[in-house]
Amino acid sequence: MNASFIQRTSCEDSEDNLPPTTHRIQSQTHAQSSVPSKTDSQFLRLETRAVLDAPLPSARPSDAFLCTHTTTPRAVKFLHALRSGEHRLVEVEVGRYDRLPSSLDSRIEVPLGGYLDWLTGRTDTNGSADGNEKRGQLYLAQWRARDDVPAVSKMVHIPRVLSPLLRSSEVDLYQSSFFVGPAGAITPLHCDPYHNLYQLLASSQPAIHAKHILLLPPSLADVLASTANHISRNTSPLDIRVQRTSAAISGFHVYIDRTSASARTTEAVLHSGSALTCVLREGDMLFLPRGWWHRVENIVMGDWSAEEENNRTRGWTAGVGWWFLPRKLQQ
């Protein structure tokens, strides 16, 4: 599947079965992450297009790329489901997995309840009252929550856009992976061998906390794939930053750290003209065809004072990816 199949269509909500509504793509959305100086030549501006501005030559509903709908706020319900398994041990990422080896980058095993206490602001990483202390990245990523916590399985259902394909044996579901983390949490640029329906399941404050996604096509695989010195070949060493901007049209800028990868990689991405971005809010779903490179960051939307923004960094999002493949691709 390639960029010609990127389009938007309506889809049903996987839980509430509410009618679809028009989604406001990220025209006035701002990223929360640390950003480069405009005068810093280390960072080069990457021109991007919104997902909905991509070519739309096909109108088949099965080629849906972005599905959106109004939902009932779910954060409290989702946390309640997770708390039912709070004594279970889970692995969380400390730091970013694309920056190994480092004394700060690893996966550690912690009680789910302890992680939720930290995530919701009850404690910091040392177990004490946090206040306004800035947090590092602790990310409960690629977690099979539906297998580990029965209450999550009862709450989170297979998306209705995917269910008919499973019933007719047209596709096989590989797994559902949950990503639960704070504002600023980043999944670096990488690609997967499966199609993915990625849903932003819950947000602590749906009007504020969301996910920014950058997408690059499979045609750039040769320059994006990592070398033997990097953590994994499906994870690119190319480092991306998202910068706040007050511009009402774009809302944010995307930058490449030119020191993070070879000049060949940087130039190929900058001149490809194929970079796409979108922002997912609670209830939104994005179809990621296999082989597409993508980077995901939890962002804080809006313009805030320093004090207001510090409080808002206590928020979080929970996403779930449904990884599947058509059977004809497996033959």
Side-chain angles (χ1 to χ4, degrees), residues 11-18 23 64-85 88 90-93 97 112 115-116 119-120 138-163 165-166 171-183 185-187 190-206 209-213 215 278-290 292 294-299 315-325:
C11 73
E12 292 181 304
D13 180 74
S14 62
E15 177 191 357
D16 299 316
N17 195 25
L18 297 174
H23 176 62
F65 199 80
L66 180 64
C67 301
T68 65
H69 29 71
T70 301
T71 64
T72 301
R74 307 175 184 177
V76 173
K77 184 177 181 181
F78 184 64
L79 283 178
H80 180 74
L82 293 181
R83 288 287 183 186
S84 69
R88 176 176 289 276
V90 295
E91 283 192 346
V92 299
E93 295 175 3
Y97 68 77
L112 176 58
Y115 178 73
L116 295 178
L119 185 70
T120 57
L138 293 179
Y139 201 6
L140 180 52
Q142 299 190 53
W143 175 41
R144 299 191 183 191
R146 294 177 80 241
D147 296 334
D148 286 354
V149 182
V152 173
S153 181
K154 292 179 180 179
M155 174 187 173
V156 183
H157 305 146
I158 295 173
R160 286 192 172 92
V161 70
L162 185 58
S163 294
L165 300 176
L166 292 170
V171 304
D172 290 317
L173 182 64
Y174 170 62
Q175 72 177 56
S176 58
S177 294
F178 285 70
F179 299 79
V180 185
I186 294 171
T187 299
H190 70 286
C191 67
D192 297 311
Y194 304 95
H195 293 325
N196 183 4
L197 280 174
Y198 190 89
Q199 182 183 21
L200 185 52
L201 176 68
S203 169
S204 60
Q205 295 173 286
H209 293 281
K211 285 183 179 288
H212 173 274
I213 301 182
L215 303 105
C278 70
V279 165
L280 297 188
R281 305 184 188 187
E282 183 180 273
D284 289 346
M285 184 179 292
L286 178 71
F287 173 48
L288 288 163
R290 71 170 183 166
W292 274 75
H294 50 287
R295 174 194 184 272
V296 185
E297 178 174 346
N298 282 355
I299 59 170
W316 54 271
T317 69
V320 55
W322 305 89
W323 293 349
F324 69 97
L325 273 182

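Reckoned from all heavy atoms, side chains included, excluding hydrogens, waters and symmetry mates. Nothing fancy with the numbering, it's 1 onward along the sequence.
Shortest non-hydrogen contact noted between E91 and L140 is O-CD1, 3.4 Å. Nearest heavy atom pair, residue Q199 against residue G283, reads NE2-O, 4.4 Å. Closest heavy-atom contact between M155 and A81: SD-CB, 4.4 Å. Minimum heavy-atom separation, E93 to A141: OE2-CB, 3.7 Å. Closest of all the heavy-atom pairs between V279 and A210 is CG1-CB, 3.8 Å. Here the shortest heavy-atom pairing between A75 and S204 reads CB-CA, 4.0 Å.
A 4.5 Å side-chain heavy-atom check between W316 and H209 finds every atom pair outside the cut-off. Using a 4.5 Å heavy-atom threshold, the side chains of L280 and V296 count as separate. N298 is not listed as a side-chain neighbour of F179, based on a closest heavy-atom distance of 4.5 Å or more. By the 4.5 Å heavy-atom criterion applied to side chains, I186 and R295 are counted as neighbours. Between D284 and K211, the closest side-chain pair of non-hydrogen atoms is not below 4.5 Å. Between V161 and M285 there is a side-chain heavy-atom pair separated by less than 4.5 Å. Residues Y115 and L138 are in side-chain contact: their nearest non-hydrogen atoms beyond the backbone lie under 4.5 Å apart. Counting heavy atoms from C-beta outward, F178 and R146 have side chains that approach closer than 4.5 Å.
The distance from the CD1 atom of I158 to the OG atom of S163 is 5.5 Å, given to the nearest 0.5 Å. Between atom CZ of residue F324 and atom CG of residue L166 there is a gap of 8.5 Å, rounded to the nearest 0.5 Å. Expressed to the nearest 0.5 Å, how far CG of D192 lies from NE2 of H294 amounts to 4.5 Å. Note that the CG atom of L215 and the CG atom of L286 stand 6.0 Å from one another [nearest 0.5 Å]. With values rounded to the nearest 0.5 angstrom, Y139 atom OH is found 10.5 Å from L119 atom CG. Taking CG of N196 as the reference point, atom CZ of F287 lies at 8.5 Å (rounded to 0.5 Å).
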Given V156 and W322, is the side chain to side chain contact (heavy atoms under 4.5 Å, CB included) satisfied, shown in steps? CA-CA 11 Å; V156 183; W322 305 89; 3.8 Å; yes

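Proximity of a side-chain donor or acceptor of H195 to a complementary backbone N or O of P289 within less than 3.5 Å is not detected.
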